[in-house]
Amino acid sequence: MTTLLDIRDLSLSIRTPEGEARILDRVSLRLRRGAVLGLVGESGCGKSTLVKTVLGVMPRHARPTHGQVIFDGTDLLPLPERDLAARFRGRRIGFIPQDPALALNPMFRVGTQLAEIWRWHAPEGEDRGTATARARILALFRRVQLPDAEAALDRYPHQFSGGQRQRVLIAAALLCRPELVVADEPTTALDVTTQQQILLLIRSLAQEMDLSVLFVTHDFGVVSALCTDVAVMYAGQMVEAGAKRLVLGDPCHPYTRALIACHPDRMERLAGIPGAVPSPLSPPPGCRFRPRCEAAEDRCAARPPGLSPQADGRGVGCIRWDA
Ligand SMILES: Nc1ncnc2c1ncn2[C@@H]1O[C@H](COP(=O)(O)OP(=O)(O)O)[C@@H](O)[C@H]1O
Ligand SMILES: [Mg+2]
């Protein structure tokens, strides 16, 4: 299968009043066409920052210091905002946000808001007019199983439930026929039953539309249900990535093992392992998991971050798995 998104050795710093925060440290991640990749790790590990870099919506004072973010052969990092907005974000790369309540403007009907997205981001050669937009939005509203789809076009965001609003936003993400959809914890703001329905919907849409999905979560249950591949981050470094079957079934990296062993479902906190995620203002040199790792050795401090390829196809960022 071909690679759609290829993040290579990405480092990113954010200037803060306390100094330079080294948020991402030589992160690599590869997403195949048609794959649903779960990006996991404790809170504060840099998952959202990585996703924002792919979307080109980095926080102010953020600066990529190394690496590339290659989407279908084009490095997105050097592109001016104008090109990113016109050709990639909203067009070939769709986005499903974490909190559907914050992502829609309360002043406008949802049909009007989605028609505006279509007007700006419709694929080349498509009619950008309102009638075409409404027909496409209506078809998508039906596909995401919004009740009373036709009437929904003329409703305001507050007239929907949380789960329905997330369906509206999934339709918005798919509107311009993206190849990649990025979702940052898109179900955490929803109740458990609704979460499950939304996950099943995303999974069936991905299969049907041949989408690649980059799905941020801190829930291994979600990874099991939804993903084909997993990438595990710790403190701004990638520690293990590969097929879900391998990484969840037989984890190599001590951090992946700890995550799975300590907390089968939620990974908010790494129960059972002392210590906390180090501050990006003063990360330990080499492997950033070293201070919490049972198997740590002196040479771990000198090991540069990065995944070593293994015979089964996965990558592991640990000195004991270096070739
Ligand atoms: N705008 C910012 N300024 C300074 N630090 C930030 C900013 N955004 C995120 N961080 C820091 O970057 C690290 C990673 O954050 P984030 O990407 O949100 O992690 P995650 O999504 O995995 O919880 C955290 O230490 C966080 O405090
Ligand atoms: Mg986050």
Side-chain angles (χ1 to χ4, degrees), residues 5 7 10-29 31 37-67 69 77 95-103 166 169 173 181-190 195 198 213-220 222-223 226-227 230-241 247 253 255-256 258-260 262-263 265-271 273 275-285 287-292 305 317:
L5 178 70
I7 301 175
L10 178 69
S11 297
L12 178 134
S13 292
I14 301 182
R15 208 154 23 95
T16 76
E18 291 79 40
E20 188 94 342
R22 285 176 283 151
I23 311 286
L24 301 179
D25 188 17
R26 302 267 174 159
V27 169
S28 295
L29 177 129
L31 179 59
L37 188 144
L39 179 62
V40 303
E42 284 166 283
S43 194
C45 283
K47 306 181 295 294
S48 294
T49 305
L50 186 61
V51 154
K52 285 180 187 159
T53 314
V54 173
L55 294 165
V57 293
M58 286 169 271
R60 252 157 63 87
H61 308 303
R63 188 170 56 92
T65 54
H66 192 273
V69 177
L77 284 186
F95 177 59
I96 307 172
Q98 180 164 9
D99 190 345
L102 301 175
Q166 197 56 296
L169 285 163
V181 169
V182 175
D184 191 353
E185 313 220 26
T187 62
T188 39
L190 307 173
Q195 277 183 17
I198 295 287
V213 182
L214 175 56
F215 195 100
V216 176
T217 177
H218 52 251
D219 189 335
F220 273 125
V222 170
V223 175
L226 182 72
C227 300
V230 195
V232 185
M233 281 184 80
Y234 180 77
Q237 296 176 337
M238 197 60 79
V239 302
E240 185 161 357
V247 177
H253 195 286
Y255 180 65
T256 317
L259 266 186
I260 293 173
C262 295
H263 249 240
D265 292 322
R266 313 284 299 173
M267 49 178 105
E268 288 280 46
R269 260 179 322 110
L270 204 54
I273 292 204
V277 181
S279 160
L281 289 168
S282 51
C287 170
R288 292 185 177 180
F289 187 59
R290 178 174 49 91
R292 297 173 82 182

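Ligands are counted one by one from 1 in listed order, and the atoms in each one are counted from 1 as well. Predicted model, so just to flag it, every value in this text is computed and none were measured. Sequential numbering from 1 along the given sequence is applied to the chain's residues.
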Does the Glu42 side chain pair with the main chain of Ala235, one donor and one acceptor, at a distance under 3.5 Å?
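Here the side-chain-to-backbone pair does not exist.
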Check whether Lys47 reaches the backbone of Met233 with its side chain - one donor and one acceptor, N or O, closer than 3.5 Å.
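Flag not set: sc Lys47 to bb Met233 has no pair under 3.5 Å.
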Distance below 2.8 Å from the Mg ion (ligand 2): how many protein N/O/S atoms qualify?
1
If you take all heavy atoms of [X] and [Y], which pair is closest and at what distance?
| X | Y | answer |
| --- | --- | --- |
| Gly19 | Leu281 | O-CD2, 3.7 Å |
| Gln195 | Leu190 | NE2-O, 3.1 Å |
| Phe215 | Val222 | CE2-CG1, 3.5 Å |

Given Pro100, which of Leu169, Ile198, Thr187 fulfils the side-chain contact (heavy atoms from CB on, under 4.5 Å) condition?
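The side-chain contact (heavy atoms from CB on, under 4.5 Å) with Pro100 is passed solely by Leu169 among Leu169, Ile198, Thr187.
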State the CD1-CE distance between Ile14 and Met58, to the nearest 0.5 angstrom.
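One gets 10.0 Å once the value is rounded to the nearest 0.5 Å.
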Would Val230 and Glu240 count as a side chain to side chain contact (heavy atoms under 4.5 Å, CB included) here? Give the steps.
CA-CA 8 Å; Val230 195; Glu240 185 161 357; over 6 Å; no
Side chains of Gln98 and Asp184: is there a donor and an acceptor less than 3.5 Å apart?
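Not at all, the side chains of Gln98 and Asp184 share no donor-acceptor pair under 3.5 Å.
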Could you please provide the protein residues found below 4.0 Å of ligand 1 on a heavy-atom basis, arranged by chain and number?
Ile14, Thr16, Ile23, Glu42, Ser43, Gly44, Cys45, Gly46, Lys47, Ser48, Thr49, Pro59, Pro280
